[in-house]
Amino acid sequence: MTSYTNPVLDDIFPDPTVIRAPNGAYYAYGTQIETPGHAVNVQVAVSTDLVNWRLLGDALSRKAPWASQTQTYWAPHVHPHEDRYYLYYGAQPDGTEDVQCLGLALSDSPEGPFTDIGTPFYCGPSTSDIDPMVLDDPTTGKPYLYWGSGGIIVVQELAPDLMGFERDTEPTQLIVAGDYEYEGTWEDVVEGPWVTYREGYYYLFYSGDTCCEYPAHYAVMVARSTSATGPFEKLAEATGAPHSAIVEANSRWNGPGHNSVVTDAAGQDWIFYHAIDTRMPLSSDDSGVRRVMLIDRLIYGNGWPRVEGGTPSYTLSCCW
């Protein structure tokens, strides 16, 4: 039996994507970090049990030619497909200020190195085009790309080779920020979509508000649909709850959010996310807040996922 105590990775590791690779190992990917004299574009770590993690270095050690000057390689997502690994990420193109693009890099190994395809995968009209996530729809077999930050979360069908969007498709709006029915919660900004499928429902996890300063105002929320492309109904709308958050701050962990969900070999779902440790919120080298990686068990009941207590665990938790 394996027990755990958060954080499972006590290093700056924002926006964690965790996947289970075909070899049975688990890989985590995190947003770029920059400390004095050292930068890592896409962080990667490996584990055999979801609890004990080993940092491997930079999965994208060579920057994309279209984003060679930026220090904003954000929210990477890696998707296995036909013996290759597809790394989607957000970055600011060289020579721009108010634009973000989605990039794509490929590798034969989940550890990398990944090589960018040479041009942006997609550039939108605003800074909302970050935080990508790919889902292979288990009911239709179609691949979908979810993304968005700031004002909106969208989805669009991918081509079968995952190298572009399917012909004659457009982004579909799923979640829009500024839902003032829930004013005072976490709906003024939305970002970080992650979609899973379980027993007839697609669950869209997303985060909201301010993630990256201390104290942060950030949480993980959830909505569901019977279709990968929506419409999605928020937890609060469906149940009458005061908000749709399933993970919010407590006295130990501030600003929990930007999650991924991974299913272990036994079929149990686990949610990974970052949070700020209130005992040591800032880096000793002045490089920013310490958003470290946490894990908690997802529990399903009445058609909805939840985390025990609705907040990050901070004592010894057991087991699997």
Side-chain angles (χ1 to χ4, degrees), residues 12 14-17 29-35 39-43 58 60 62-77 86-105 114 116-134 144-156 158 163-165 169-180 183 186-194 204 206-219 221 255 257-259 274 286-289 291:
I12 299 175
D15 312 326
T17 278
Y29 305 88
T31 280
Q32 182 186 62
I33 58 169
E34 184 181 13
T35 58
V40 177
N41 298 317
V42 172
Q43 299 186 81
D58 196 340
L60 188 69
R62 179 175 296 180
K63 290 184 176 182
W66 53 273
S68 61
Q69 305 302 314
T70 184
Q71 296 297 323
T72 57
Y73 280 74
W74 289 343
H77 174 76
Y86 291 65
L87 165 63
Y88 298 84
Y89 61 91
Q92 183 178 7
D94 293 340
T96 66
E97 293 184 359
D98 298 323
V99 174
Q100 290 282 344
C101 294
L102 298 178
L104 173 60
F114 286 84
D116 187 83
I117 61 174
T119 58
F121 179 86
Y122 172 80
C123 289
S126 72
T127 57
S128 292
D129 296 297
I130 57 174
D131 297 359
M133 183 268 171
V134 175
Y144 290 97
L145 182 69
Y146 300 82
W147 77 95
S149 178
I152 193 169
I153 290 172
V154 300
V155 63
Q156 188 170 349
L158 289 167
M163 297 292 289
F165 292 113
T169 64
E170 296 289 338
T172 298
Q173 295 183 8
L174 300 179
I175 302 289
V176 177
D179 190 339
Y180 292 103
E183 188 172 4
W186 302 271
E187 300 280 353
D188 289 344
V189 171
V190 294
E191 62 183 14
W194 189 277
L204 168 56
Y206 63 102
S207 298
D209 283 5
T210 56
C211 68
C212 312
E213 57 187 29
Y214 182 74
H217 186 256
Y218 206 56
M221 292 160 284
H258 203 122
N259 75 281
H274 69 235
D286 297 324
S287 59
V289 295
R291 290 180 289 163

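Atoms considered below: every heavy atom in the structure, side chains included; atoms not considered: hydrogens, waters and symmetry mates.
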How far apart are the C-alpha atoms of Y73 and V40, what are their side-chain angles, what is the distance that settles it, and do they pass the side-chain contact (heavy atoms from CB on, under 4.5 Å) test?
-> CA-CA 9 Å; Y73 280 74; V40 177; over 6 Å; no
Gap between atom [atom2] of [Y] and atom [atom1] of [X] - 0.5 Å precision:
X	Y	atom1	atom2	result
I153	M133	CD1	CE	12.0 Å
T31	H258	OG1	NE2	6.5 Å
D58	N41	CG	CG	4.5 Å
N259	D15	CG	CG	10.5 Å
Q100	D131	CD	CG	9.5 Å
L104	L102	CG	CG	9.5 Å

[X] and [Y]: which non-hydrogen atoms are nearest, and at how many Å?
X	Y	value
I130	S149	CG1-CB, 3.4 Å
D94	Q69	OD1-N, 2.9 Å
C211	H274	CB-NE2, 4.4 Å
V190	I152	CG2-N, 4.0 Å
S68	K63	O-CD, 3.5 Å
L87	V42	CD2-CG2, 4.3 Å

Can the ring centres of W147 and Y88 be said to be less than 6.0 Å apart?
->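 Ring centres of Y88 and W147 not closer than 6.0 Å.
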Q71 CD: over 12 foreign heavy atoms closer than 6.0 Å =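 Check passes, neighbour count above 12.
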Y29 and Y89: ring pair (Phe, Tyr, Trp, His ring centres under 6.0 Å), yes or no, with the steps?
-> CA-CA 10 Å; Y29 305 88; Y89 61 91; over 10 Å; no
Under 3.5 Å, side chain of T70 to main-chain N/O of A67, donor-acceptor pair present?
->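 Absent.
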Return yes if some donor-acceptor pair links the side-chain N/O of T210 with the main-chain N/O of H217 below 3.5 Å, else return no.
->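 Judged by distance alone, yes, a pair lies under 3.5 Å.
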Going by atom types alone, do Y206 and E187 pair a side-chain donor with an acceptor below 3.5 Å?
->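 Short answer, yes.
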Show the numbers, then the answer: is there a side-chain contact (heavy atoms from CB on, under 4.5 Å) between W74 and Q92?
-> CA-CA 9 Å; W74 289 343; Q92 183 178 7; over 6 Å; no
Steps toward ring pair (Phe, Tyr, Trp, His ring centres under 6.0 Å) verdict (Y146, H77) | CA-CA 11 Å; Y146 300 82; H77 174 76; 9.9 Å; no
Does the side chain of Q32 come within less than 4.5 Å of P76's, by heavy atoms?
->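 A side-chain contact is absent here, since even the closest heavy-atom pair is not under 4.5 Å.
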Side chains of C123 and D129: does their closest heavy-atom pair fall under 4.5 Å?
->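 No, too far: nothing below the 4.5 Å cut-off.
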Starting from the C-alpha separation in whole Å, work towards a yes-or-no answer on side-chain contact (heavy atoms from CB on, under 4.5 Å) for F165 and L158.
-> CA-CA 4 Å; F165 292 113; L158 289 167; 4.0 Å; yes
Could you check Q156 against L145 for side-chain contact (heavy atoms from CB on, under 4.5 Å), going step by step and ending with a plain yes or no?
-> CA-CA 6 Å; Q156 188 170 349; L145 182 69; 5.6 Å; no
